[in-house]
Every structure is written in C-alpha cells, then in structure tokens.
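Proteins get letters first, then strands, A, B, ... in listed order; numbering begins at 1 in each.
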Number of protein chains: 2
Amino acid sequence: MSPNDRHPLTLRDVSEAAGVSEMTVSRVLRNKRDVSEGTRARVLEAARRLGYVPNRIAGALASQRVNLVAVIIPSMSNMVFPEVLTGISQVLDETGLQPVVGLTGYRPEKEERVLYEMLSWRPAGVIIAGLEHSEASRAMLAASGIPVVEIMDVDGTPVDSVVGISHRRAGRKMAQAIIRAGYRRIGFMGTKMPLDHRARKRFEGFTEALAKAGVEVADQEFYSGGSALAKGREMTAGMLARTPDLDFLYYSNDMIGAGGLLYLLEQGADIPGSIGLAGFNGVDLLEGLPRKLATMDACRLEIGRKAAGIIANHAAHPEAPREPVHIALEPRLSLGDTLRTP
Amino acid sequence: MSPNDRHPLTLRDVSEAAGVSEMTVSRVLRNKRDVSEGTRARVLEAARRLGYVPNRIAGALASQRVNLVAVIIPSMSNMVFPEVLTGISQVLDETGLQPVVGLTGYRPEKEERVLYEMLSWRPAGVIIAGLEHSEASRAMLAASGIPVVEIMDVDGTPVDSVVGISHRRAGRKMAQAIIRAGYRRIGFMGTKMPLDHRARKRFEGFTEALAKAGVEVADQEFYSGGSALAKGREMTAGMLARTPDLDFLYYSNDMIGAGGLLYLLEQGADIPGSIGLAGFNGVDLLEGLPRKLATMDACRLEIGRKAAGIIANHAAHPEAPREPVHIALEPRLSLGDTLRTP
DNA sequence: TACCACGGGGGAACCGTTTCCCATCTGGAT
DNA sequence: ATCCAGATGGGAAACGGTTCCCCCGTGGTA
C-alpha cells in the first residue's frame with residue numbers, strides 16, 4: 001500500500017508498525033500462543049495494512065521445514081498425469097502442503113536433473129512416477145531422508161513407498177477376458193516408447209496370458225506423435241488391411257482405441273460380434289462415444305490421492321517411525337459394448 | 001553414500017572432504033571463476049562421492065534470487081491448461097527456471113490463498129490465468145515487485161504483462177463466419193460457470209456480432225460436471241427436441257462439440273448442409289473424428305511459451321527496465337467439415 | 001510477607017548459503 | 001632485489017525468519 005518500494009517488507013517492518021518485537025509478530029502470523037488478543041489484533045492489522053507477505057525462504061531455513069512436495073511425472077500431454085495431479089492437489093489442499101511439478105519427458109537423464117533440482121529445495125516428500133530410475137536417481141532418493149512415493153506401477157522394487165496398479169496384471173486380465181470371450185486372432189496397437197515401462201509391462205502381461213491360452217498376437221503396430229485419435233484410426237485401417245482376419249484389437253490407450261472404434265463403426269463393422277476392441281485407462285471421454293469402449297481403469301485419481309495422503313501423513317507426524325507403505329490398487333475391467341460376454 | 005544419516009550434507013562437509021574452504025566449494029558448484037582446475041576437480045569429486053545436494057533455501061536467502069516461477073491456473077481437468085503448462089515447461093527448461101503450479105478451481109478466494117502462498121516463496125515471476133482477480137490479489141501482484149504475466153485473455157486491464165487472445169473477438173469472429181455462411185437459427189451450449197470469464201466473453205462477443213446481423217440466439221443451455229463428450233451428446237439431443245428448427249449449434253468447447261457431432265452423425269443429420277456445428281479450442285482430438293469440427297484455435301501452447309519467455313527474459317536481465325509486454329495472439333478459425341463455405 | 005506459577009513478550013543464536021573484501025602466492029617487469 | 005598484477009582462496013557479515021531460553025509482572029497461596 002504505502003509506496004515503500006525500497007525493499008520487500010520484513011518482520012521488522014511489521015513489528016515497528018505494530019509497536020512490538022519481531023518475535024511477537026512471528027508468533028501472531030504463525031498462530032502460536034502466548035500472545036494476548038489485543039496485540040494479536042494490532043499485529044494482524046499492521047501486517048494487512050502494509051501488505052506483508054512472509055518470506056518462507058527464511059522461514060524454511062530457520063525451521064528446517066518446507067511445505068513443498070515434489071511431484072515428478074513424465075508429461076502432461078495425455079489425460080493421465082493431469083488427473084493424478086488433480087488427486088494430489090485435492091488431498092494436499094487440506095494440509096498446507098504445495099505440490100511442485102517437474103516434467104521428465106520419459107527421459108532418465110532429465111528425470112535425474114529434475115530430481116536434483118527438486119531435492120535442492122528440501123521438500124517434505126517426493127512423489128515420482130514409475131519404479132525405473134537411474135542408479136543416481138535412486139541413490140538421491142534413498143539418501144534424501146524424506147518420504148518417497150513411487151506411483152502408477154507396482155511391478156518392481158520401490159525405494160520407499162509405492163502406490164499404483166500392476167500393469168502386468170492389467171494386461172493379463174484383459175487378455176484373459178478376451179480369450180474367455182472367444183476371440184483368437186488378436187492385434188495390438190500401442191505407443192512406440194521404449195521408456196514407457198508401464199505400457200511395456202501391460203503388453204508383456206498381455207502376451208504372457210495369451211500364450212498360456214496358446215494364442216499369439218497376430219499383428220502389432222506402434223506409433224509416436226500426432227493426435228492419438230487420428231493415429232488409432234489410421235493404424236486400425238492399416239492393420240486390418242494387412243491382417244484382415246483379426247477378430248480383436250487391443251489398444252494400449254483409450255484414445256487410439258476410440259479412434260479405432262470410430263473407424264470401425266463407419267465401416268459398419270459388427271462390434272463386438274465379429275470384431276472386439278479394448279483400450280486402457282478408463283478416460284471419461286469414452287462415455288460419450290457411440291459405443292462404449294471396453295477398457296480398464298487405471299485408478300489415476302485414487303493413486304494421486306493415496307500418494308499425497310502418505311506424504312501428508314508423514315508431514316503431520318514427523319516423529320513417527322517411517323514404515324514404507326505399499327498400495328496395489330485393483331484396476332477394474334469394464335466390458336463396455338465392444339467386448340462380448342462369453 | 002556413506003551412511004552418515006546424522007544430518008543432511010552441507011558445504012562444510014564437502015569442504016572438509018576436499019580439504020578446501022566452504023567458499024571454494026561454493027564457487028566450484030556454481031561454476032564461478034577463481035578456482036584452479038585441480039581444486040575444482042577435487043571438489044567435484046568429493047561432492048559426487050558424498051552425494052551432496054546443495055540447499056537452495058539457504059542459497060536463495062543469501063542471494064535473494066529464486067529460480068521458481070509461480071503458475072496459477074484454474075484446473076487441470078480439461079486439456080487446455082496442461083497444454084499451456086507444456087508450453088511454459090518447454091521454454092523454462094532452457095533457463096534453469098522451474099514452474100510451480102497452483103490450482104484455483106475457478107474460485108477467487110482460493111486464487112488469493114494460492115497466490116499468497118506462492119509469493120511467500122519470492123518467485124522470479126508469476127504467470128496467472130485470467131485478468132479478473134480479487135482486489136487483494138491485484139494488490140499483492142502489484143506490490144510483489146516481480147514480473148507478472150496474466151495469460152489466456154486480453155480483454156481487460158492487466159496488472160503488468162499479458163499474453164492471450166481476445167475471447168470477445170473470438171466469439172465475434174465465429175458469429176460472423178456463421179452468419180456469412182447463411183445460418184440463422186442458432187443454438188448455444190456451454191458450461192455453467194459464472195466464474196469462467198473467458199467463456200462468458202466469448203459468448204458475449206458471439207451474441208453481440210449476431211445482434212449486429214439482426215440475429216438472436218434461438219436456444220441455449222449450460223451444463224456442469226460429467227464427461228463433456230457425453231454432455232454434448234445429451235444437450236444436443238435435448239436442444240434439438242426442444243427447438244427442432246435450429247440450423248447451427250455453437251459449443252463453448254470442442255469436447256461438447258464433438259459429442260454433439262457424433263450424435264448428429266448417428267442421427268444421419270445433413271452436416272453442414274442443414275445444420276452446422278462449431279466448437280472452441282482446437283484440441284487435436286478433433287483430428288480423429290469422422291468429420292472435422294469447425295473450431296477456433298486458442299493458441300494454448302504459444303501462450304505458455306510466450307508467457308514463460310517474458311519471465312525468462314526478466315530473469316536473464318534483472319537490471320533492465322521493466323516494460324510491460326502485451327501480446328494478443330490471433331485465434332485461427334478452422335472451418336473443418338461442419339461449417340459450410342458461403 | 002514470601003513464594004511460585006503462569007501469561008505475555010523479548011533477545012540471541014542459528015539455519016546454510018552468497019556477497020564482498022581481503023590475504024597470500026606466483027612470476028614477470030623494473 | 002623490489003614491486004605489482006593476476007590468480008587463487010579464505011573470512012566475516014549478511015539474508016529473514018524460527019527456536020530456545022530468559023525476563024517481567026501479576027495474582028493466588030502458604
């Protein structure tokens with residue numbers, strides 16, 4: 001308010017304005033006891049009038065406590081991570097903790113840099129996607145001394161806590177449902193991302209369960225970049241031209257699955273009679289499609305909420321002994337209208 | 001590495017291990033001059049061996065410089081803000097600056113709290129969605145003394161810099177295109193969000209331009225919650241049942257527009273002959289639809305990149321005089337297959 | 001009256017860096 | 001031999017809070 005642009009306000013400025021010591025101002029602003037109602041009101045009024053905003057950097061240094069939670073994820077460009085973030089925010093909002101997001105672009109070196117950067121702020125906890133990290137990253141996480149929650153995936157050895165689903169199992173479950181429904185000539189479409197370990201694990205679980213039933217993937221194709229919906233369309237057209245006798249198409253995500261579904265509907269395909277389809281993720285976009293695509297829910301919101309809960313819990317009870325928490329959520333299969341019942 | 005869990009490592013630990021002073025370690029780690037190659041190597045080696053991660057809190061306090069950029073947006077749940085964030089990250093990644101995201105849920109009080117929280121970390125800049133803020137928020141922004149970029153919208157008075165499009169103009173442009181194409185009985189569907197000022201401005205611009213042509217919106221409906229694609233479907237069905245003679249439907253976002261499009265295609269409607277459609281945003285999802293929905297690109301990625309660029313520029317030249325930058329991007333109309341040419 | 005507990009508030013040290021300035025050493029010029 | 005510049009490195013004082021401990025005054029109690 002007062003055009004005192006000399007230098008950002010400090011506790012001292014407020015204390016002088018209120019006629020008390022800096023200590024008292026600090027106590028008032030942190031809602032500590034040992035201050036009378038009168039002084040408290042005076043201090044609050046002075047702080048408000050001056051437009052004082054405390055300096056958390058100094059506060060954090062002195063108290064050795066930081067209200068930041070590092071969240072490290074590969075990307076924002078598909079719907080999955082934003083939804084995880086929404087879950088994290090929902091829970092953290094109630095606790096005074098603040099998420100800080102870092103993006104790795106699925107690149108381990110980038111992940112390492114981002115992690116280093118984040119840890120240098122001494123956050124209250126780390127939420128990081130995946131279980132696959134560079135040696136150095138794992139070392140940093142382990143040495144940080146703060147709670148770490150690896151999310152999305154449970155197939156592997158976590159550094160500390162973990163919240164996710166088993167993608168291998170998700171792949172298997174889908175394969176089993178497909179086999180049970182009587183499909184045998186199965187095609188697979190997915191992203192061309194060697195570093196997307198979760199997609200890989202789903203595919204592995206999928207082929208493994210097919211093998212158990214004596215079935216092999218009859219055709220497969222991988223894409224990268226571009227609009228997923230359009231890619232699903234193109235790839236489906238291409239694959240069916242190449243391998244016309246397919247009776248099922250498994251897509252590694254709902255978006256390309258939806259593209260394939262729209263394409264097949266236009267072609268007048270008999271779904272799920274002569275050809276079935278399934279995707280993965282359970283995005284709510286599917287609700288509005290002409291037919292509901294079979295899919296498997298990845299529990300994204302819940303993963304975010306649970307992970308944030310673990311960090312929040314540690315932050316609330318700093319002295320409590322640290323037990324790693326391992327939560328494996330169960331992806332729910334939804335048959336939709338594109339996977340016939342046996 | 002060494003199981004020295006006593007207490008997080010400090011410069012002192014590294015300096016002792018390397019046999020130099022803390023100052024020298026600090027210089028090495030910040031790539032400053034005045035250190036011989038030999039010492040530099042020894043220090044680096046010691047830091048690596050110990051697994052030292054600098055404490056930026058202390059660093060920031062001492063140097064009065066912070067590499068964080070506050071990004072304050074309403075939500076992550078539609079594709080628009082994640083894409084803006086992607087743009088911001090792309091640019092900030094090159095500069096050593098780190099975005100910190102805060103979510104407001106379109107609520108001014110929440111925005112105020114989040115902003116306060118963010119400013120208390122003394123970030124290098126603030127990127128905040130929209131031009132409408134509470135009195136207190138505007139005061140905080142103005143008093144903060146750091147570069148502020150308001151994004152998405154240019155219809156209003158910015159606190160400092162601004163990057164966005166004119167939503168009013170976007171609405172007008174779309175209305176003009178519709179009128180020019182000869183449509184006259186126009187229905188509107190949008191979100192029921194009194195606090196989504198940008199949607200409101202688009203609608204205002206839209207009706208204003210229609211009025212100029214002597215046309216009024218013949219029917220309108222607002223929704224909230226749920227899957228946008230499904231809502232678009234339902235609302236379209238409902239509206240056409242209620243007002244069967246509509247010859248155009250304008251949707252406030254592409255998702256509900258896509259729902260409406262899918263519905264009408266199923267009904268075998270003659271698009272764009274007897275009924276036209278248009279959405280807003282230019283999401284790349286539209287590429288894969290059976291017909292391409294007419295839409296208007298909101299330049300989301302570019303907004304993020306430009307806004308981040310302004311902050312990065314200020315951070316790189318701290319002493320340069322601060323000129324507010326005003327950038328109005330031009331949304332591109334794309335006729336797709338659902339808006340006939342005149 | 002002496003004592004003590006307690007409410008209310010202040011002072012000093014410290015958190016781990018960076019900034020600023022000074023000390024030392026070397027080698028070449030004088 | 002002396003002087004000085006440049007290279008290299010160290011020391012002390014911030015930075016703006018919080019923690020910990022102490023002080024003062026008051027009022028009830030023995």
Pair listing, salt bridge (Lys or Arg N to Asp or Glu O under 4.0 Å) test, anchored in residues 306-320 of chain B, at least two apart: E302(B)-K306(B)
Residue list, side chain to side chain donor-acceptor pair (under 3.5 Å) with R27(B), at least two apart or on another chain: none
Partner residues of S77(B) under the side chain to side chain donor-acceptor pair (under 3.5 Å) criterion, sequence neighbours left out: S75(B)
Going by atom type alone, with no hydrogens or angles, which donor-acceptor pairs under 3.5 Å involve a side-chain atom of residues 133-141 of chain A and a protein atom two or more places apart or on another chain?
residue: H133(A); atom: ND1; partner: E111(A); partner atom: OE1; Å: 3.4
residue: H133(A); atom: ND1; partner: E111(A); partner atom: OE2; Å: 2.7
residue: H133(A); atom: NE2; partner: G130(A); partner atom: O; Å: 3.0
residue: H133(A); atom: NE2; partner: E150(A); partner atom: OE2; Å: 2.8
residue: S134(A); atom: OG; partner: E112(A); partner atom: OE1; Å: 2.7
residue: S134(A); atom: OG; partner: S137(A); partner atom: N; Å: 3.0
residue: S134(A); atom: OG; partner: S137(A); partner atom: OG; Å: 3.0
residue: R138(A); atom: NH1; partner: T157(A); partner atom: O; Å: 3.4

Interface limits on DNA chain D, where chain A has a heavy atom under 4.0 Å of a nucleotide atom: dG16(D) to dT19(D)
Residues in side chain to side chain donor-acceptor pair (under 3.5 Å) contact with Q98(B), at least two apart in sequence or another chain: none
T24(A): partners by side chain to side chain donor-acceptor pair (under 3.5 Å), with sequence neighbours left out: S21(A)
Degree of bending, the helix from dT1(C)-dA30(D) to dT30(C)-dA1(D) (end axes from five pairs; round to 10°): 70°
Under 4.0 Å protein heavy-atom contacts per nucleotide of nucleotides 11-24 of chain C, with B for base, S for backbone only and - for none: BB--BBBBB-----
T24(A) side chain near dG8(C) phosphate (N/O to OP1/OP2, under 4.0 Å): no
Side chains of I73(A) and L103(A) in contact at under 4.5 Å (non-hydrogen atoms): yes
Test salt bridge (Lys or Arg N to Asp or Glu O under 4.0 Å) applied to R56(B) - qualifying residues, sequence neighbours left out: E117(A)
Set of residues satisfying salt bridge (Lys or Arg N to Asp or Glu O under 4.0 Å) with respect to E323(B), sequence neighbours excluded: none
Residue list, salt bridge (Lys or Arg N to Asp or Glu O under 4.0 Å) with E83(A), at least two apart or on another chain: R300(A)
